[in-house]
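Encoded as C-alpha cells, the structure appears first; notes follow it.
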Amino acid sequence: MTSTGAPWRVMLDVRGLSLALPDRGAKRLFRSTPMRPILRGIDLTLAAGESLGIVGESGSGKTSLGRCLLRLYEPSGGQLLFEGTDITHLGEPALRPLRARMQMIFQDPQSSLNPRRRVADIVARPLLSFGLAVDRRAALVVTDGLLERVGLSSAHGRRYPHELSGGQRQRVGIARAIGIKPALVVADEIVSGLDVSTQAQILDLLAELKRDLGIALIFISHDLSVVRVVCDRVMVMNNGAVVESGPCGALFAAPSHPYTRTLLDSIPLPEIDPDWIDGPQDGDAGSAEGRAETMDIKGAVAFVTGCNRGIGRAFVHALLDGGAAKVYASARDRDGLADLAAGDGERVEILALDITDHGAVAAAAQACGDVTLLINNAGVNANRPLIGGDMAEQRQEIEVNYFGTLAMCREFAPVLARNGGGALVNMLTILSRVNLPALGSYSASKAATLSLTQGVRAQLAGQGTLVVGVMPGAVDTEMSAQQPQPKLAPKEVAVAALAAVQAGSEVVYVGDMAQGVAAGLAADASEVEKQFAEYLPQ
C-alpha cells in the first residue's frame, strides 16, 4: 500500500454511498428510534488539487454528504476510498492517522470555535495533537504564520472568538484547517452568513490557498453563483441524491435536469436602476432596504423579556458573553432578577414589565430608546388540550404569547428603525408548526405567533430589521415540565438564536427534534400530524 503522503491521481473515490440517521422527531414512546434515509447512492470522484462544488436546497443532503466523506458520519452502505484506502467502516484508531489529511471548515465559526480559548490556542491545538510541533511555544510560532497567511495578525491570536467579526472568525477556521497541511478540505457554506465584500475576500483566499497548497476542495453551498467562481466541477443534489454533475462551465451553459434549471433561475440578478445615483445615500431612511440584514452581538443593546427563568436568563448570559454593550432584562416581577446584574451591573439593567400591559410596553420602548436587538421570550404554557381545557387559561396564553409579543413588536419597531434597523427575535416552538394535542392550546397560541412573526418580518423588511423566528424542540424549563425527555438546555437555545441573528437567518430550528419535525413536515405534513395526534391528552 502506498504511504499516506504519496501523491494520488484520485483522492476520493465514492461508489453507491448511502446514509441513514436516527429520526428522533419521529420517535414514539417506548419504541426504538426509526432511521431516516439521508443519502441515496452517491457516486463521485475527486482528483488531487481539484475543486468540486456540491449545491442544492436546504435539506438536500449537502452537509451530511460532506460529513460522510470525512467519516464524521459512518456510511450505511456503499464504498468510500480516500487516497486508495477503504475508510467506509474503518475504526477510529485506524482513521486517526488519516485525519490530518482531511479537514473541514464549518458553516458557523461561532459554534465551531471554542469560546473559552484564545484564537492562537485554537489554531495551535491541531498542530500539537498531530505532532507537527514539539511544544506549545513552537506551535504558537507556526500559528502566527498561519494567521498572517489568512489575512490576520498575531494580535488577533490573543483575542477570543467573540471579539472577532464573522469574517475574521471564518478566517480562523480556515487557518486551523490548513495548519496541518491536509490534502482535502471540505468547506461547508462558509460564506453564507457573511456580507458581500467579506464573501469576496474569503473566496479569493480559498482560491489562493488551493493554488499555492494544492489542496483538493469540496465546496458546499446553496448559491450557484458562488460555486461558479470557486469550483472546477459541480454536483447538484436533491433529496439526498445526485441529479446532475459536470464541469461548471458546461453545466451552467446547458443544464439538463429541470431541478438544476430551477436553481439557476433562482440566482438573483441585479436590476439596473438608471436613477440609482440620485437615490438615497448612506444614512437616509430609504437606504435600509438595501442593507444586509445581519448584526453583530458585540456592541448590541438588547432588550429581553421573560428573564425570570429558563431561556430568558440564558439569553442574558449569552448576550454578555457575546460582548453586548447593554442588556435590559425584564420580567413581570423584577424581584427574581437581581442576581442577573450582580456580576455585571454596568451592562445589565433590570426592568419590571408585564407585556400584556400595553401602556407599560409603550413606556418601556420610550425609556429604552437605544435598543438594537429585541428578544421576545416571555410566554406562558397552561399544558392543556384545546377541548376540555380551561378557557381562562387559554385566553391568557393568547394574551401573553400573541398579543404581548405583538405589543412589543409594535412599540419597539420604531426604536429599531431609528437605530439602524437591528434585529427582532421571537421565541416560538416547533409546536407552532404542528399541534400536540396534550398541549393543544399552547400550540395554537404559538401558531398564531408564528403567523405574527411572518407578518412583522414582511412589514419591517423595508426598514432593514432582521426578524428571526426561533423554533426549538422541548426545552428543559418549567413550562415544559410535562413533556418527555430528552430536552434541550436553555443555553443551547439562546446560543443558537444569537448565532442566527449574526448569520442573518430568519428561521432556526434548534435541536434534533425540531429539525426532524421540520424535515418531516416538508416531506409529508399529514403524516407528521398523524404521529403527533397519537399523543392524546390523558
Side-chain angles (χ1 to χ4, degrees), residues 303-312 315 330-333 351-365 374-413 424-460 467-475 477-483 490 493 497 507 509-510 514 517 521 525 529 532-533 535-538:
F303 192 109
V304 187
T305 64
C307 292
N308 54 319
R309 60 179 183 267
I311 298 174
F315 264 121
S330 72
R332 187 190 300 257
D333 182 4
L351 299 174
L353 178 64
D354 179 356
I355 64 170
T356 64
D357 182 342
H358 295 181
V361 172
L374 172 64
I375 299 176
N376 288 316
N377 172 70
V380 296
N381 182 359
N383 289 293
R384 295 288 189 271
L386 283 165
I387 307 300
D390 188 318
M391 285 291 287
E393 291 178 331
Q394 294 181 359
R395 285 194 179 94
Q396 184 189 31
E397 286 174 324
I398 287 291
E399 186 64 35
V400 176
N401 299 343
Y402 177 79
F403 284 112
T405 301
L406 177 59
M408 292 294 296
C409 293
R410 287 168 59 95
E411 296 298 337
F412 276 88
L424 185 159
V425 176
N426 284 344
M427 287 304 303
L428 303 167
T429 166
I430 192 60
L431 299 183
S432 60
R433 293 201 55 196
V434 59
N435 195 289
L436 183 67
L439 306 175
S441 61
Y442 173 71
S443 300
S445 70
K446 285 295 188 178
T449 311
L450 171 58
S451 179
L452 176 159
T453 302
Q454 294 166 342
V456 168
R457 179 181 297 126
Q459 192 167 351
L460 299 189
V467 177
V468 181
V470 183
M471 288 184 266
V475 187
T477 66
E478 293 178 20
M479 288 177 60
S480 61
Q482 296 184 14
Q483 298 181 38
V493 179
V507 178
Y509 298 97
V510 188
V517 171
L521 290 169
E529 185 177 344
F532 269 66
Y535 296 93
L536 296 172
Q538 302 298 317

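Put simply, the side chain of Ser445 gets close to the backbone of Tyr442: a donor and an acceptor are under 3.5 Å apart. No donor-acceptor pair closer than 3.5 Å links the side chain of Asn435 to the backbone N or O of Ser443. Judged by distance alone, the side chain of Ser441 and the main-chain N or O of Leu386 form no donor-acceptor pair under 3.5 Å. Judged by distance alone, the side chain of Lys446 and the main-chain N or O of Arg433 form no donor-acceptor pair under 3.5 Å. The backbone N or O of Pro385 lies less than 3.5 Å from a partner atom in the side chain of Gln394, making a donor-acceptor pair. Between the side chain of Asn426 and the backbone N or O of Asn376 there is no donor-acceptor pair closer than 3.5 Å.
Atoms OG1 and CG, on Thr405 and Asn377 in that order, are 9.5 Å from each other to the nearest 0.5 Å. In this structure, Leu353 CG and Thr305 OG1 are separated by 7.5 Å, a value rounded to the nearest 0.5 Å. The distance from atom CG of Leu428 to atom OG1 of Thr453, rounded to the nearest 0.5 Å, is 4.5 Å. Going from atom CG of Leu452 over to atom OG of Ser432 covers 11.5 Å, rounded to the nearest 0.5 Å. Distance CD/Gln459 to CZ/Arg410: 9.0 Å, rounded to 0.5 Å.
For Arg457, the salt bridge (charged side-chain N to carboxylate O under 4.0 Å, His left out) partners are Glu506, not counting sequence neighbours. Here Ala365 pairs with Glu411, Phe412, Val415 under the side chain to side chain contact (heavy atoms under 4.5 Å, CB included) rule; sequence neighbours left out. Applying the salt bridge (charged side-chain N to carboxylate O under 4.0 Å, His left out) rule to Glu399 yields no partners; only residues at least two apart in sequence or on another chain are considered.
Taking the side chain as every heavy atom from C-beta outward, Met427 and Val493 approach each other to under 4.5 Å. Looking at Val510 and Val470, their side chains come closer than 4.5 Å, going by heavy atoms from C-beta outward. In this structure, Phe403 and Thr356 have side chains that are not in contact, with every pair of non-hydrogen atoms separated by 4.5 Å or more. Between Cys409 and Leu424, the closest side-chain pair of non-hydrogen atoms falls below 4.5 Å.
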Item to check | Candidate pair Glu393 and Glu397, rule side chain to side chain contact (heavy atoms under 4.5 Å, CB included), full reasoning | outcome: CA-CA 6 Å; Glu393 291 178 331; Glu397 286 174 324; 5.8 Å; no
Next on the checklist: Go through it in stages, so that I can follow the logic: the residues are Leu431 and Phe532, the test is side chain to side chain contact (heavy atoms under 4.5 Å, CB included), and I'd like the CA-CA distance, side-chain angles, deciding distance and then a yes or no.
Outcome noted: CA-CA 10 Å; Leu431 299 183; Phe532 269 66; 3.6 Å; yes
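Closest approach of Met471 and Val507 over heavy atoms only: CE-CG1, 3.5 Å. The minimum heavy-atom distance between Ala331 and Cys307, with the atom names listed, is CB-N, 4.1 Å. Between Thr449 and Asn401, the shortest heavy-atom distance links the atoms OG1-O, 3.0 Å. In this structure, Gly312 and Val304 approach most closely via the heavy-atom pair O-CG1, 4.2 Å. Met408 and Phe303 make their closest contact through CE-CE2, 3.8 Å (heavy atoms, listed as atom of the first residue, atom of the second, distance). Closest heavy-atom contact between Ala533 and Pro437: CA-CG, 3.9 Å.
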